[in-house]
Amino acid sequence: MPSQREKPWRVATVTAVKIASTRVKLFTLELPSGGNFKAGQHYDVQLTAPDGYQAQRSYSLASSPGDTDLIEIAIELIDDGEVSSYFHHSVEPGQRIEIRGPIGGHFTWKPSHTKSSIFIAGGSGIAPIISMLRHRHAVKNNSPAVLLFSVRTEDDILYREELESMSDNDPSLQVVTTITRETSKDWIGNTRRIDRNMIDSALVDTGLKPESAYVCGGSGFVESMANTLLDIGLDFKQIHIERFGP
Amino acid sequence: MINDNFFGRRRSTPTRPVPPGQYLEDGFPVLSAGPTPRVDINTWDFSIEIAGETAGTWSWESLNSLEQTDMHTDIHCVTKWSKQDTNWRGVAIDTLLADAQISPPDGYVMAYCDGGYTTNVPAKDLMDGKGILAHTYENEPLPAEHGGPVRLFIPHLYLWKSAKWIRRLRFMEKDEPGFWEGYGYHMYGDPWLEQRYTGD
């Protein structure tokens, strides 16, 4: 009974499309109203073919919560992905898309957060985490934070300039990026997958003792990172995870 | 609302219909809100609680000594994927209740898990072979990331109701929200009625 739904399908309008990397585009959507959400939450998106066939997917919000009716989602082009390929190849500003949300509540960050935090992102798993960091920055929350961001190539470092600018202007935020496949000769950062040593040295460098953790990325990446965080002594309930894709 | 130029992939032809809003997945995605718990099978036990009292407790060995039930079924995750023709083995909740000489209570059940996860379900949805404690998937021990050693398995509801790493069922008179239900997910979760979120 749609009239009783707390989260009905609504029609949003695409206002901007930006190429963020070879495989990721950022879509800005204007909601009819009510853009309020918690950093880390997602929206469901529904596409309907002319013959009635429908497909739904969930996308994390990358924008910061605020008073605006604009939200940003980062969509990675998935091989054989029916929804992501439609967004990448057919969606342009002005188009309308059915959405419902915001959804989720466990993988969220609130401005009242005072705990020291470790954020770990793999690839496009940065989307809900950039939302948290943007919100943290906007409300001038200075709880100690470190981000470890793992990508395959330099091209995959989404929000690179913004992350650099945020950490340059905020002594309480440290960003460590690592590239696991191809690097240019100019790259001076880490060049391996995130492991316990990399986490340990980031914590030593920053003097941070994490009281909460937010991990987002592919399923295998998240599983491995969550296990490593348990190994370094975080408690089960301190670790929040969000898995992208199969 | 029609999206022009959207035709969809429809890569596999379903053996039978898929619930609304779902797509078929060949793999077996892993979804969970926290890390995979480290469960020691030697100290693992499972209990049923009724009216504040423990009505039965089973070790891994005693669970395996009970009559085993096979389920061949489709599964549906609220994150939109469905998987058809999966094979599970475990112990029916009916069998556990009979073993403890308990007549099936009315009302609702809260499932409690290692790692702190909870989920609620009407008691009747666990009875008459509809719910099992699953320990085997496709003839192999259920992998830890999929809920092993033992998960609750109630495939006629969205998969978040099939609580991974199950340790206890508590029968209760009134319905209460579990972990995801408290965050706005549906109290019942029937995939055929697309009961994803509160009010659906």
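As a basis for the values below, the full set of heavy atoms in this structure was taken, side chains included, without hydrogen atoms, waters or symmetry mates. Below, read A as the first sequence line, B as the second, and so on, with proteins coming before strands; counting in each chain starts at 1.
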Where does [X] contact chain B at under 4.5 Å (heavy atoms): side chain, backbone, both or neither?
X        : result
A:Val91  : neither
A:Ile97  : both
A:Glu242 : neither
A:His89  : neither
A:Glu223 : side chain

Between [options], which shows the greatest number of heavy-atom pairs under 4.5 Å with chain A?
options                              : result
B:Gly27, B:Gly116, B:Gly21, B:Gly184 : B:Gly21
B:Ala33, B:Pro20, B:Gly115, B:Gly182 : B:Ala33
B:Asn5, B:Ile2, B:Thr36, B:Asn3      : B:Asn3

With side chains defined as the heavy atoms from C-beta onward, is the minimum distance between [X] and [Y] less than 4.5 Å?
X        : Y        : answer
B:Pro37  : A:Phe236 : yes
B:Phe7   : A:Tyr53  : no
B:Tyr185 : A:Ile103 : yes
B:Asp200 : A:Arg100 : yes

Just wondering, more than 12 heavy atoms not from [X] lying within 6.0 Å of its [atom1]?
X        : atom1 : result
B:Glu138 : CD    : yes
A:Arg192 : CZ    : yes
B:Asp85  : CG    : yes
A:Arg196 : CZ    : yes

Worksheet item: Mind checking whether B:Tyr183 and A:His106 have parallel, tilted or perpendicular rings, split at 30° and 60°?
Response: tilted
Practice prompt. Please assess B:Met1 against A:Trp9 for the test side chain to side chain contact (heavy atoms under 4.5 Å, CB included), listing each intermediate value before the final yes or no.
Written response: CA-CA 10 Å; B:Met1 192 191 87; A:Trp9 289 105; over 6 Å; no
Worksheet item: When you measure from the side chain of A:Arg57 to the backbone N and O of B:Lys80, does any donor-acceptor pair fall under 3.5 Å?
Response: no
Practice prompt. Please look at B:Trp180 and chain A and tell me whether the side chain, the backbone, both or neither of the residue comes under 4.5 angstrom of a heavy atom of that chain.
Written response: side chain
Worksheet item: Is it the backbone or the side chain of B:Glu194 that comes under 4.5 Å from a heavy atom of chain A, or both, or neither?
Response: both
Worksheet entry | Evaluation steps, side chain to side chain contact (heavy atoms under 4.5 Å, CB included), between B:Arg38 and A:Asn227 | CA-CA 10 Å; B:Arg38 294 158 181 189; A:Asn227 271 320; 3.3 Å; yes
